[in-house]
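Shown next, in structure tokens, is the structure this report addresses.
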Amino acid sequence: MPKFSFRCAKIVRRSRPVSAAGAAVAAILLCLSLAACGGAAEGQGSGGGKPVVLTTFTVLAEVAQNVAGDKLQVESITKAGAEIHGYEPTPGDIRKAAKADLILDNGLNLEAWFAQFVEGLDVPHAVVSEGVEVMSISEDSYQGKPNPHAWMSPVNVQIYVDNMVKAFSKLDPDNAAVFEANGAAYKAKLQSVKDEMVQKLATVPEAQRALVTCEGAFSYLARDAGLREVYIWAVNAEQQATPQQITKAIEFVKANKVPAVFCESTVSEAPMRQVVGATGSTFGGVLYVDSLSESDGPVPTYLELIRHDSKIITEGLTGAAS
Ligand SMILES: [Zn+2]
């Protein structure tokens, strides 16, 4: 089996005419159809008889698990800590996706690789952000494009949950009432965590209500909590943290005497450390957006992610952090 997997992977690497993801899909589907890779049996029935739902990243998987309860097997393509925007799917991801019963993606251009990933796969997929009030990016080359980080508002995640209930009920109609009940219970928790978040961040004095981060991933959270959002770069990509972007952040932090700045778990905090070095602001800590932590880390669930970020931001901006 490993020998054949290797052969598949080599096909993928060599054929890069248009896109790696598209070529990978073609190569893996070829491998599957010929059964030449001997991998067809691997992973089949990995849901233990339950339908398998595959999500693009860990935040969606954990939310989806709350809706699915024990009726569906939910897995994430990217692992905890992985960069989501520019992720390059592996042959193993594509094999897994080909055998899934449903794939969930965030949409709003979050997963730049997704369209090619599902092209050629005969698996239904649902876009969970459908119906949210989309915020646009106001800076950089992304100006006017949707900000994909809609899940940073728990209110938006309530809409994600509705979309999941709908998709799961279509997939497994016998358990539609269970998904509906699970969804309603989880939406109540989302409302509580949103209220908690707003209350906590409301304690930050007016003069300190600026949230400075590496990626512009906090627009929805900042909107809900009444914070001003400033960032070094708009969306995680290969080209980021140019000298101009860092200078702009430094100028803002100096002019507004911002007490603390932050960076996210999936990117290097080095550019923000430069801002700290040039301004005398403090590094307030690591925020989570594009991925949960491992189960023994600070943010194993979405609700914990919102609680953690609210706490770190509030402590940093009020000077309560040690
Ligand atoms: Zn992001």
Side-chain angles (χ1 to χ4, degrees), residues 21 55-64 76-89 104-115 117 127-129 132-157 159-160 197 211-225 227 229-242 245-246 249 261-272 275 284-294 297-299 301-302 304-306 308-310 312-313:
T55 71
T56 49
F57 69 119
T58 51
V59 174
L60 290 191
E62 200 273 329
V63 172
S76 171
I77 295 169
T78 55
K79 302 294 164 234
E83 212 295 301
I84 176 71
H85 300 268
Y87 179 71
E88 289 190 21
L104 301 180
D105 70 311
N106 181 76
L108 305 177
N109 303 330
L110 174 75
E111 306 94 339
W113 45 277
F114 191 74
F117 181 71
V127 183
V128 295
S129 67
V132 304
E133 192 183 320
V134 178
M135 296 179 76
S136 296
I137 299 170
S138 57
E139 289 179 46
D140 284 1
S141 55
Y142 294 92
Q143 195 162 17
K145 300 231 168 94
N147 187 318
H149 306 90
W151 66 91
M152 290 310 287
S153 164
V155 174
N156 284 344
V157 177
I159 297 171
Y160 282 33
M197 174 185 95
L211 175 58
V212 181
T213 59
C214 287
E215 187 192 19
F218 294 85
S219 306
Y220 296 89
L221 180 149
R223 179 196 63 189
D224 285 0
L227 298 173
E229 184 198 27
V230 176
Y231 45 82
I232 301 181
W233 61 83
V235 176
N236 292 343
E238 276 172 43
Q239 295 286 323
Q240 58 200 16
T242 63
Q245 288 172 327
I246 293 174
V261 295
F262 309 87
C263 197
E264 302 84 64
S265 70
T266 53
V267 293
S268 164
E269 65 192 41
M272 197 53 93
V275 175
V286 173
L287 302 179
Y288 286 79
V289 178
D290 289 346
S291 174
L292 299 176
S293 67
E294 297 285 356
V299 177
T301 70
Y302 171 74
E304 286 306 313
L305 181 152
I306 294 296
H308 169 92
D309 286 4
S310 308
I312 295 290
I313 296 165

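Counting starts at 1 for both ligands and their atoms, following the listed order. Just so you know, these numbers use all the heavy atoms, side chains as well, and skip hydrogens, waters and symmetry mates.
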>> Rounded to the nearest 0.5 Å, what separates atom CE in Met152 from atom CD1 in Ile306?
In response: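 Between Met152 CE and Ile306 CD1, I get 4.5 Å after rounding to 0.5 Å.
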
> Atom CG of Leu60 and atom CD1 of Ile77: how far apart are they, to the nearest 0.5 Å?
Replying inline: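 Result: 10.0 Å between the selected atoms.
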
> What's the atom name of the N, O or S in His85 nearest to the Zn ion (ligand 1)?
Replying inline: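 It is NE2 of His85.
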
>> Under a 3.5 Å distance rule, please check whether Tyr231 uses its side chain to pair with a backbone N or O of Phe218 as donor and acceptor.
In response: no

> Between the main-chain N or O of Val289 and the side-chain N or O of Trp151, is there a donor-acceptor pair closer than 3.5 Å?
Replying inline: yes

> Taking 2.8 Å as the cut-off, does an N/O/S atom of Asp290 lie below it from the Zn ion (ligand 1)?
Replying inline: yes

> How open is the angle at the Zn ion (ligand 1) from atom OE1 of Glu215 over to atom NE2 of His149, rounded to 10 degrees?
Replying inline: 100°

